[in-house]
Amino acid sequence: MTTFETDTAPAMSPTQTLRRTTPAAPVRIVHLGLGAFHRAHQAWYTQHASDGAQWGIAAFTGRRPDAALALSAQDGLFTLIERGGSGDKFELMTSIVEAHDGADVATLSRLVAAPSTAMVTLTITEAAYNLAADGSLDLSNPAVQGDIDALRALTAHTTDDAGHLADAVTAAGRLVQALTVRREAGPGPSPSYLVTIWPTTRPPHALPLVAWPTSSILT
């Protein structure tokens, strides 16, 4: 890792682009929610793990592709600034090795289905879980219902008139779509899941992510 104190940080031109000079770590974590929280916390902890050089993150944005476009242009690299009373510290972050638009569900599915993927993580807001007042999945939400229809079509291998399969649009729907592709590909056990942000009014085990896979909700 590369860390600089405030007075020793190298000067960079506003137009200078970061580029990797060493091979990136292999993708073993697929992450949904390429926001500041993920970049400043999970990406940092992954990089600082004792075997961090073997754990690359492929991260996907939520509603907008902006962060993915910016990071892709600089090989996933960015500078993390840690502010303190004695001065700022700058650290070059290398753990995000791929950055993608969240709407690119084909790439998400491909990466989740890869045998080398060992973990899927999420940092999304409460609203992104699309929960009803009782904490269950909000089946009255058109986006949720649209995803359920798309997932039913996926499992039934049903295409539209143009021969296309519709992609899910919610975070949970996209995750289930990718896991369905992994299951059908048969690369081995499903990856571990870590939800790093959940609604503050409900315990994490109440989140209905497990209600999405092709069980009672899709049959």
Side-chain angles (χ1 to χ4, degrees), residues 29-39 42 57-72 98-113 117 119-184 190-191 193-219:
I29 300 173
V30 175
H31 180 79
L32 282 71
L34 182 53
F37 183 89
H38 168 70
R39 299 196 306 272
Q42 185 182 341
I57 301 171
F60 289 77
T61 60
R63 292 169 295 182
R64 298 170 57 91
D66 306 45
L69 295 174
L71 283 176
S72 293
E98 294 185 24
H100 300 281
D101 181 356
D104 187 357
V105 186
T107 297
L108 174 66
S109 298
R110 174 179 59 80
L111 289 170
V112 169
T117 295
M119 184 179 296
V120 177
T121 61
L122 303 90
T123 50
I124 58 179
T125 62
E126 178 172 358
Y129 286 105
N130 295 294
L131 304 182
D134 63 357
S136 64
L137 192 63
D138 184 5
L139 299 178
S140 67
N141 185 323
V144 171
Q145 194 57 57
D147 280 2
I148 292 173
D149 292 342
L151 292 167
R152 284 198 178 111
L154 174 65
T155 56
H157 302 283
T158 302
T159 61
D160 60 20
D161 293 339
H164 301 140
L165 285 169
D167 286 329
V169 298
T170 68
R174 289 170 176 172
L175 174 58
V176 173
Q177 181 172 339
L179 291 173
T180 301
V181 173
R182 181 182 177 97
R183 184 186 64 181
E184 294 187 349
S190 294
Y193 312 106
L194 173 64
V195 178
T196 53
I197 294 181
W198 48 75
T200 56
T201 55
R202 303 182 183 94
H205 67 266
L207 295 177
L209 292 178
V210 293
W212 281 85
T214 50
S215 56
S216 60
I217 203 167
L218 301 182
T219 55

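Keep in mind that what you see is a predicted model, and the values were worked out from it rather than measured. Here, residue 1 is the first one in the sequence, and each next residue gets the next number.
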Closest non-hydrogen atom pair, [X] against [Y]:
{"X": "His31", "Y": "Ile57", "value": "CB-CG2, 3.9 Å"}
{"X": "Leu154", "Y": "Glu184", "value": "O-OE2, 4.4 Å"}
{"X": "Val181", "Y": "Ala113", "value": "CG1-CB, 4.1 Å"}
{"X": "Ala150", "Y": "Ala166", "value": "CB-O, 3.8 Å"}
{"X": "Ala99", "Y": "Ser72", "value": "O-OG, 2.9 Å"}

Backbone N/O of [Y] and side chain of [X]: donor-acceptor pair under 3.5 Å:
{"X": "Arg174", "Y": "Val105", "answer": "no"}
{"X": "Thr117", "Y": "Leu111", "answer": "yes"}
{"X": "Ser136", "Y": "Ala132", "answer": "no"}
{"X": "Thr155", "Y": "Arg152", "answer": "yes"}

Separation of [Y] [atom2] from [X] [atom1] (nearest 0.5 Å):
{"X": "Ile124", "Y": "Arg63", "atom1": "CD1", "atom2": "CZ", "value": "11.0 Å"}
{"X": "Thr125", "Y": "Leu122", "atom1": "OG1", "atom2": "CG", "value": "11.5 Å"}
{"X": "Leu179", "Y": "Ser109", "atom1": "CG", "atom2": "OG", "value": "9.0 Å"}
{"X": "Arg64", "Y": "Asp101", "atom1": "CZ", "atom2": "CG", "value": "11.0 Å"}

Is there a side-chain contact between [X] and [Y] in this structure, where contact means two heavy atoms from C-beta onward sitting under 4.5 Å apart?
{"X": "Leu175", "Y": "Leu108", "answer": "no"}
{"X": "Tyr129", "Y": "Thr170", "answer": "no"}
{"X": "Ile148", "Y": "Leu139", "answer": "yes"}
{"X": "Arg110", "Y": "Thr107", "answer": "yes"}
{"X": "Leu71", "Y": "Arg39", "answer": "yes"}
{"X": "Gln145", "Y": "Asp149", "answer": "yes"}

Candidate pair Gln177 and Leu151, rule side-chain contact (heavy atoms from CB on, under 4.5 Å), full reasoning: CA-CA 6 Å; Gln177 181 172 339; Leu151 292 167; 3.7 Å; yes
Pair His100, Thr61: side-chain N/O donor-acceptor within cut-off below 3.5 Å: no
Pair Thr121-Gln42, side-chain donor/acceptor within less than 3.5 Å: yes
By side-chain contact (heavy atoms from CB on, under 4.5 Å) - contacts of Asn141 (at least two apart): Asn130, Asp138, Ala143, Val144
